[in-house]
2 protein chains.
Amino acid sequence: MGRRRTVTSVQIAREAGVAQSTVSRVLNGGSVSEETRRRVLDVVAKYDFQPSQAARSLVGTRSGLIGVVIRDLTNPFYPVMVKAVERVLHQQGLRLSLVTDVMTPEEGLALLRREGVDGVVFTSAVQDDPLAHRMLKHDIPVVLCHRTLEDFPADQVEADNATAGRLAADHLLSLGHRHVGMVCGSAGASTAQQRGAAFRDRLRAHGDVTLTEVDGDYDYATAYGAVRTLLSGDRRPTALFCHNDIMAYAALNAAAAAGVRVPDELSVVGCDDVPLSAWERIDLTTVRQPLERIAQVGVELLVQRLDEPDLPPRREVLPVEFVERSTTAPASRI
Amino acid sequence: MGRRRTVTSVQIAREAGVAQSTVSRVLNGGSVSEETRRRVLDVVAKYDFQPSQAARSLVGTRSGLIGVVIRDLTNPFYPVMVKAVERVLHQQGLRLSLVTDVMTPEEGLALLRREGVDGVVFTSAVQDDPLAHRMLKHDIPVVLCHRTLEDFPADQVEADNATAGRLAADHLLSLGHRHVGMVCGSAGASTAQQRGAAFRDRLRAHGDVTLTEVDGDYDYATAYGAVRTLLSGDRRPTALFCHNDIMAYAALNAAAAAGVRVPDELSVVGCDDVPLSAWERIDLTTVRQPLERIAQVGVELLVQRLDEPDLPPRREVLPVEFVERSTTAPASRI
DNA sequence: CTGAAAGCGCTTACAG
DNA sequence: CTGAAAGCGCTTACAG
């Protein structure tokens, strides 16, 4: 109880025999004589003085805090994303304020505003995203990473999801699959829309292919259930395109539970290429998304915007890459 | 550029026709007449006013921020831990400030001090942990979750790791394994020490068993390499106890890469029981650690200590549970 | 119950 | 180059 005794710049100043404003100038790179600087820094070092971030952001124009909005941290996709974002932020001297699904969007918005974040990185925006629109309304810079929104006046970075869907379709078609299933991501997610549309178009253009779509909501349990149902039906597909890796893992596991052999009886293609996918026990054929790059470009766009708020909104689309592993095989094997 | 125009309590006060201190009282539950309260809350609602956290923590005695120190977020163990901690903190109205391996311990310490965290949750302390000791020296309350330290005057919560090691040993012994390998966690980690010692003791007590130990450093890549080497040697063990699940996955994958069949040629036991372990493609025999409980008890201990800093340090040990799945089998099968 | 005032620890013009 | 002073947006005694 009572406040912890912390050294302040006033005490540093007193001990160094200078004004408090001089300490501030030394720490923030103002013009100070070499001797004064040395004297102050000695005292700073002696106490390992750290200026209060609260005081700084109260008086300054920046808090140095960036909100990072994700969904479920236990979905293997997000740790990779958060880590990449965190790394870039840290290089820029910025701190991260995490908003996840342990709170409601309203609570998240309130927290981010109270904390006075300089900007927000969204990684899982959905159409009509309540949080994203309201941040913008509050005049807080926003960048959409990974998932994007139509007619949303903010910077956006995404993978070339249309190509991802097309590559997946071409691969399965070339293996001779003619009865195909698609495990879709959340309806409001741009990634699901783009990947799904491109995949669908490609099959349609090819002709002579049956496509069955089920909803996996980008969620392991949902996808697991959907695939089990799909596999127990009488018109079982010979191949599955899943809109992300986590749902592909669900498909792999559901197939195992149903006694359906992969890839002999069922081919599975994912999307993202999370590190797990390269494990021998998984070894998932998938489309790699440049996650590190997306995070890096996203944070860079945001940081630029902090300096120039009136820049027109920019959109970056980053290339994907097909990664063939062992969960796909020719349809003829059956 | 220029500060964003944010509504402040002064403006709320002006519009409600009261003093600024009255707004503060309404928001913090001071004594205010029903009518005044209503008038203020109307204006607060109109602007969706959020009091500045920076100002609050500058003047108040608490920042409401709790540091959470982990290592690598992409190790599947930590997202589960962080999520559990975050959930409990959020229930308590506290915010989390994440420190990971994207920064050095020194940088982490500096950040946590600048931010004025009320306390810190450590999830991966090691003996002589530089950060943990220095936090305490700076008089900041600390709780050690999951991993603990000898002679460290702070609250600590951990699983019953000795029992975990014993259960793993008993299981493998009862299956008839007499040439056993152990993939150890980081030398400085209490979990590795306790699990390792109990496992070792049990084998020694049984007698007639060869134990080969390798270092996996609680790291996927390190464990993978160590197991590959172990499996290519001439005295290949028939069973492996890995000090955590992530290293067990590495063992499973290394075995697959080496063409060693699990469980027929090699039994593998992990420790932790992360959600991944239940996947059909993994289906790992392991010892479950009550992660949610550890997080919850840890945060509770910390929150109590914020109110009563002079409480003697407490230590909680939570029970583990053996989970038999399909990565273990009798040694006689070979 | 309510208001005026002090003060938290800084940054940033403003003088000198 | 350096110091004195204002002020960021709150909470918390202190009067009334």
Side-chain angles (χ1 to χ4, degrees), chain A residues 1-41 43-44 47-65 93 110 113-118, chain B residues 1-41 43-44 47-65 93 110 113-118:
Chain A
M1 286 112 81
R3 58 192 315 104
R4 211 174 294 126
R5 301 178 110 310
T6 306
V7 178
T8 69
S9 60
V10 172
Q11 295 167 53
I12 300 294
R14 183 156 27 209
E15 186 153 340
V18 298
Q20 183 271 328
S21 52
T22 298
V23 174
S24 188
R25 251 180 252 115
V26 169
L27 262 30
N28 297 296
S31 57
V32 185
S33 80
E34 199 43 51
E35 198 219 310
T36 307
R37 174 184 309 280
R38 189 145 327 211
R39 203 136 41 89
V40 170
L41 287 180
V43 184
V44 165
Y47 293 100
D48 190 15
F49 169 64
Q50 300 290 349
S52 154
Q53 186 53 52
R56 264 194 170 158
S57 56
L58 186 58
V59 60
T61 163
R62 297 269 177 91
S63 67
L65 249 194
R113 292 216 294 137
R114 279 211 276 275
E115 293 171 344
V117 294
D118 295 332
Chain B
M1 288 113 77
R3 58 193 313 104
R4 209 175 296 126
R5 301 177 110 309
T6 305
V7 178
T8 70
S9 60
V10 172
Q11 294 166 54
I12 300 293
R14 184 156 27 209
E15 187 154 337
V18 298
Q20 184 272 328
S21 52
T22 299
V23 173
S24 188
R25 252 179 252 116
V26 169
L27 261 29
N28 296 296
S31 57
V32 185
S33 80
E34 198 44 50
E35 199 219 312
T36 307
R37 174 184 308 280
R38 189 146 326 214
R39 204 136 42 88
V40 170
L41 286 179
V43 184
V44 165
Y47 293 100
D48 190 14
F49 169 65
Q50 299 290 349
S52 153
Q53 186 54 52
R56 263 193 171 159
S57 56
L58 186 58
V59 59
T61 163
R62 298 268 177 93
S63 67
L65 250 193
R113 292 216 294 136
R114 279 211 276 276
E115 293 171 344
V117 294
D118 296 331

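Every chain is numbered from 1 and lettered A, B, ... according to where its sequence line falls, protein lines coming before strand lines.
- Not a single salt bridge (Lys or Arg N to Asp or Glu O under 4.0 Å) links A:R114 to another residue, sequence neighbours left out.
- Annotation: side-chain contact (heavy atoms from CB on, under 4.5 Å) contacts of A:E15 (sequence neighbours excluded): A:V43, A:K46, A:Y47.
- Applying the side-chain hydrogen bond (donor to acceptor under 3.5 Å, both in side chains) criterion to A:S52, with sequence neighbours excluded, gives no partner residue.
- In this structure A:R56 satisfies the side-chain hydrogen bond (donor to acceptor under 3.5 Å, both in side chains) test together with A:N28, sequence neighbours excluded.
- Residues meeting the side-chain contact (heavy atoms from CB on, under 4.5 Å) test with A:T36, sequence neighbours left out: A:V18, A:T22, A:V32, A:S33, A:R39, A:V40.
- Residues passing the side-chain hydrogen bond (donor to acceptor under 3.5 Å, both in side chains) test with B:R38, sequence neighbours excluded: B:E34.
- Residues forming a salt bridge (Lys or Arg N to Asp or Glu O under 4.0 Å) with A:R14 (at least two apart in sequence, or on another chain): none.
- For the segment residues 23-38 of chain B, residues with any heavy atom less than 4.0 angstrom from an atom of DNA chain D are, sorted by number, B:S24, B:R25, B:N28.
- The salt bridge (Lys or Arg N to Asp or Glu O under 4.0 Å) test applied to A:R113 returns B:D48, not counting sequence neighbours.
- Evaluation of the salt bridge (Lys or Arg N to Asp or Glu O under 4.0 Å) rule for A:R25 yields no partner, not counting sequence neighbours.
- Listed in residue order, the members of residues 47-56 of chain A having a heavy atom less than 4.0 Å from DNA chain C are A:F49, A:P51, A:S52, A:A55, A:R56.
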Bracket string, DNA chain C, 5' to 3' - pairs by Watson-Crick or G-U geometry under 3.5 Å, | interstrand:
|||.||||||||.|||
